[in-house]
Amino acid sequence: MNEIFLMKLGEIVLKGQNKKQFENKLRQNVRRRMKPFGEFDVYILQSTVYVQPMNDSCDVEGAWEACHYIFGVVSLCRCRPCQKDLDSIFQAVEAYLGDDLDCAQSFKVESKRSDKSFPLTSIGISQEIGGRLAEAHPHLKVDVHHPAYTVYVEVRDLAAYVHGPAEPGAGGLPTGVGGRAAVLLSGGIDSPVAAYMIAKRGVELECVHFFSYPYTSEQAKEKVLELARLVTRYCGRMTVNVVGFTAIQEAIRDKCPEEYFTLIMRRFMMRISQRIAQMHGCKCLVTGENLGQVASQTMEAMGVTAAVVDLPIFTPLIGMDKEEIVTIARRIGTLETSILPYEDCCTVFTPKHPKTKPNLKEVERVESVLDVEALIAEALEHTDKATVRYDESADAEL
Ligand code: ATP
Ligand code: MG
């Protein structure tokens with residue numbers, strides 16, 4: 001199999017003493033992600049992950065696609081490995097990139113020599129290979145400033161590698177190096193983006209979804225599971241804890257003043273999420289809250305909501321404009337599902353005039369008519385778990 005993927009590590013390179021641990025995690029993640037595509041050798045040398053198909057039955061296209069969704073990788077390229085001598089390098093460029101060169105008007109060669117025992121400098125390699133290519137393709141102009149195509153030559157420890165332009169990777173840190181977080185996942189646009197942003201920092205996710213059947217439908221739940229599944233394309237397998245929330249919402253509706261419905265409901269969400277987080281070793285809660293977006297997302301309202309938990313609440317979208325959030329949702333592929341028109345429990349019993357500047361003491365007073373502990377216990381009893389994972393082969397069949 002004469003092709004290999006080289007993936008450049010992102011911030012891991014800056015990690016000093018923890019670098020080894022980060023690299024090990026990344027290698028483990030890449031190995032796991034390559035499994036559905038056949039037998040691949042995965043190793044890390046000189047801040048680069050090598051992914052090498054081991055036989056002809058490997059699904060190289062599927063593996064290549066999946067590599068774009070692995071956190072910890074800044075850029076990646078498909079390469080042809082060859083012997084470390086100029087003739088072999090030139091032949092590899094001709095055989096592997098010749099068609100691309102034929103379609104271009106101008107080109108340059110950019111070389112990197114990490115094997116310092118190689119007799120030519122990087123500039124020397126570029127000049128030599130560039131000269132031979134210009135001769136072999138008379139229509140091609142050398143243009144070192146604005147080339148239509150760039151040939152890359154990397155002379156590394158094990159071999160030389162030739163490739164065309166690299167593609168951007170998923171960025172971030174390898175999944176698993178940043179601990180675990182519990183994400184409050186609704187069916188909206190925001191929370192899947194928040195989940196993705198925290199996952200990108202190397203964090204494993206446990207999802208919590210509040211479900212108010214029959215006020216919200218089975219389809220609304222399926223939509224949330226689908227959103228979770230889309231996020232797992234980046235972060236791997238996740239569990240969604242689907243919490244039966246109906247009894248709590250009905251109790252609030254029956255016993256509390258209408259303008260406090262949403263606030264008290266959100267305090268229950270936080271308390272229950274914290275319990276679930278603690279059961280699964282999660283050290284923070286994550287929401288898709290965004291300052292000023294709705295009545296429950298003013299500073300005062302968020303303060304009242306956060307007052308019932310001790311874990312830090314991370315809100316990665318807090319300062320973003322809707323348009324910026326939508327752009328990310330579109331890029332990561334959750335937008336289309338998010339805008340399907342199913343209801344969320346937040347839209348059930350929505351007050352006409354919600355409190356936007358609530359006072360904590362007042363909220364605690366109106367909430368005190370409820371048996372908070374009993375309601376939480378009941379909701380936890382009515383919690384189902386669903387495991388979601390991204391099925392790459394399902395994509396291939398589409
Ligand atoms: P989203 O687009 O994520 O639904 P939103 O702008 O609609 O957010 P809210 O409905 O006020 O805002 O919810 C704020 C945050 O609370 C959500 O981003 C999510 O983290 C959490 N949340 C809301 N509803 C639910 C739910 N049914 N289950 C779990 N978490 C929820
Ligand atoms: Mg919502």
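Both ligands and their constituent atoms are indexed starting at 1 by order of listing.
The shortest distance between side-chain heavy atoms of D157 and Q46 falls below 4.5 Å. Between R271 and V372 there is a side-chain heavy-atom pair separated by less than 4.5 Å.
Using a 4.0 Å cut-off between charged nitrogen and carboxylate oxygen, K223 and E226 do not count as a salt-bridge pair. A salt bridge links E61 and R78; the closest N-O separation between the charged side-chain nitrogens and carboxylate oxygens is under 4.0 Å.
Inclusion of S191 in the set of residues having an N or O under 3.5 Å from an N or O of ligand 1 is warranted. The shortest N or O to N or O distance between I189 and ligand 1 is below 3.5 Å. Inclusion of P192 in the set of residues having an N or O under 3.5 Å from an N or O of ligand 1 is not warranted. At a 3.5 angstrom cut-off on N or O pairs, M269 does not count as close to ligand 1.
Through direct or indirect side-chain contacts shorter than 4.5 Å among Ile, Leu, Val, Met, Phe, Trp and Tyr, V193 is connected to Y69, F71, I189, Y196, M197, Y234, L317, M320, I325, V326, I328, I332, L335, I339.
Pairs engaging residues 80-89 under the side-chain hydrogen bond (donor to acceptor under 3.5 Å, both in side chains) rule: K84-D115, D85-S88, D87-R132 [sequence neighbours left out].
Counting all heavy atoms, side chain and backbone alike, L263 lies closest to K355 at CD1-CB, 4.1 Å.
Near S296, the atoms of ligand 1 lying under 4.0 angstrom from a non-hydrogen atom of the residue are 11 (O). Using a 4.0 Å cut-off to heavy atoms of T287, the atoms of ligand 1 that qualify are 20 (O). Interface of G188 with ligand 1, defined as ligand atoms under 4.0 Å from a residue heavy atom, comprises 1 (P), 2 (O), 4 (O). Which parts of ligand 1 touch G288 is read off a 4.0 Å heavy-atom cut-off, strictly below it: atoms 17 (C), 18 (O), 20 (O). Near V208, meaning under 4.0 Å from one of its heavy atoms, ligand 1 places the atoms 29 (C).
At a heavy-atom cutoff of 4.0 Å, ligand 1 is contacted by the backbone of L185 but not by its side chain. With a heavy-atom cut-off of 4.0 Å, N290 does not touch ligand 1 at all.
In this structure, the separation between CE on M34 and CE on M54 is 14.5 Å, given to the nearest 0.5 Å.
Residue nearest to atom 15 (C) of ligand 1, selected from R266, Q293, K221, K322: R266 (by heavy-atom distance).
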